[in-house]
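Everything on this sheet refers to the single structure shown next.
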2 protein chains.
Amino acid sequence: MLSSAARHLDDDDDLDRVFRALADRTRRALLHRLACEGSAMVTELAAPFEMSLPAVSKHLKVLERAGLVSRDIDGRVHTCSLAPRPLASVEAWLSFYRPFWSDTLDALARFVEQDDAP
Amino acid sequence: MLSSAARHLDDDDDLDRVFRALADRTRRALLHRLACEGSAMVTELAAPFEMSLPAVSKHLKVLERAGLVSRDIDGRVHTCSLAPRPLASVEAWLSFYRPFWSDTLDALARFVEQDDAP
DNA sequence: ATAAAGTTAAACCATATGGTTTAATATTGC
DNA sequence: GCAATATTAAACCATATGGTTTAACTTTAT
């Protein structure tokens, strides 16, 4: 079993990759396409974009390394699917901060800020 | 007023900046520090990190440009605070995908069950 | 006035990113 | 066998990123 520290580093690595993958509108558009219209092969996924096929292929690989896309290779056709699990990790990370943006708890946020003063 | 298309591009720009800002563990640690212990000046924020002060200063600027940190300048002291608004945008973006990861199989099972019911 | 403190600016470096174009590699179909 | 299809690999380019060190700037304190 991994030490807690090592697992924590892994978690950080995972979040790095997932947030990095999400930080590009082309990749977000690819995820959206997969979510709305389901799995598709690389050529289909690349068609709506103005960039070259290799560019989209590289974007898909970034998504795949982040665990956000899975790939089923059948002959020469690579069928890509949405793999939403890492988004649950994002949600988990985000949930820690929910109290800070929820409007009802704005007062709490201010209180914490003031509580920091001597 | 902006056209819908222009506003959408702005949204994409915002998400690009926010996801990019979150894609670094040092910056996530800074946000966590601000959330847990409240506002602090740059030197205080930089202290726990092994990197140089200018490096942390640059990370803070990335967070600030993403809207995740606000800065109050008083003399030579820059007090940084968590600015959680953009995290609500992340949550909004993410919520579209929640049906895909929140017990998708359970939901499908319930659907099939209902469909089978007399 | 001078020194110290808090912060950023500048210049620099190595590596990553996002794109291109031109191969190369498999697989399928005639 | 041969051509077309689906995809990646490679080489390349421009720019961004994350870090460094040294310098500059402003404010505070003695």
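Naming: A, B, ... by sequence-line order, numbering from 1 per chain. These values consider heavy atoms only, across backbone and side chains, with no hydrogens, waters or symmetry-generated copies.
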- Item | ring pair (Phe, Tyr, Trp, His ring centres under 6.0 Å) assessment of A:His32 paired with B:Phe96 | CA-CA 9 Å; A:His32 195 263; B:Phe96 173 81; 4.7 Å; yes

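For the pair B:Arg27/B:Arg20, a side-chain contact is recorded, criterion being any heavy-atom separation below 4.5 Å from C-beta on. A:Asp24 is not listed as a side-chain neighbour of B:Phe19, based on a closest heavy-atom distance of 4.5 Å or more. Side-chain atoms of A:Val42 and A:Arg71, non-hydrogen and from C-beta on, do get closer than 4.5 Å to each other. Considering only heavy atoms from C-beta on, A:Leu15 stays 4.5 Å or farther from B:Arg25 through its side chain.
Shown for residues 38-46 of chain A: residues whose heavy atoms fall under 4.0 angstrom of DNA chain D, namely A:Met41, A:Val42, A:Thr43.
As rounded to whole Å, 11 Å separates atom P of C:dT17 from atom CZ of A:Arg17. Remark: P of C:dT25 and NE2 of A:His78 are 15 Å apart, rounded to the nearest angstrom. As a whole-Å value, the separation of B:Leu53 CG from D:dA23 P is 17 Å. Whole-Å rounding puts the A:Arg28 CZ to C:dG18 P distance at 11 Å. Distance A:Leu63 CG to C:dT17 P: 13 Å, rounded to the nearest Å. Regarding A:Phe19, its CZ atom lies at a distance of 16 Å from the P atom of C:dT17, rounded to whole Å. Taking atom CG on B:Asp16 and atom C1' on D:dA16, their separation rounds to 13 Å, with Å as the unit. Per the geometry, CE belonging to B:Met51 stands 16 Å off C1' belonging to C:dA14, to the nearest Å.
Residue A:Arg76 places no side-chain atom within donor-acceptor reach of the base of C:dA26, judged by atom type and a 3.5 Å distance cut-off alone.
For residues 81-93 of chain A, every residue pair satisfying the side-chain hydrogen bond (donor to acceptor under 3.5 Å, both in side chains) rule, not counting sequence neighbours, is listed here: A:Ser39-A:Ser81, A:Glu91-A:Arg98, A:Glu91-B:Arg98.
With the nearest nucleotide of DNA chain D identified for both B:Arg65 and B:Ala55, B:Arg65 has the one nearer the 5' end. Remark on DNA chain C: of its neighbouring residues A:Thr26 and A:Asp74, the 5'-side contact belongs to A:Thr26, judged by nearest-heavy-atom nucleotide.
Taking the side chain of A:Arg20 as heavy atoms from C-beta on, and the options D:dG19, D:dT17, C:dG18, the nearest nucleotide is C:dG18. Closest contact between the side chain of A:Pro54 and the listed nucleotides C:dA11, C:dT22, D:dT7 involves C:dT22. Nearest to the side chain of A:Ser52, among C:dT20, C:dT7, D:dT8, sits C:dT20. The side chain of B:Val77 has C:dT7 as its nearest neighbour among D:dA9, C:dT7, D:dT7. Here the side chain of A:His59 is nearest to one of D:dG19, C:dT20, C:dG18, namely C:dG18.
Contact record, A:Phe100 with B:Ala35: CZ-O, 3.3 Å, taken as the closest heavy-atom pair.
Through direct or relayed side-chain contacts under 4.5 Å between Ile, Leu, Val, Met, Phe, Trp and Tyr, B:Met41 connects to B:Val77.
Nucleic acid contact for B:Ile73: none, since no nucleic acid atom lies under 4.0 Å from a heavy atom of the residue. At the heavy-atom level, B:Lys58 lies under 4.0 Å from base atoms of the strands shown.
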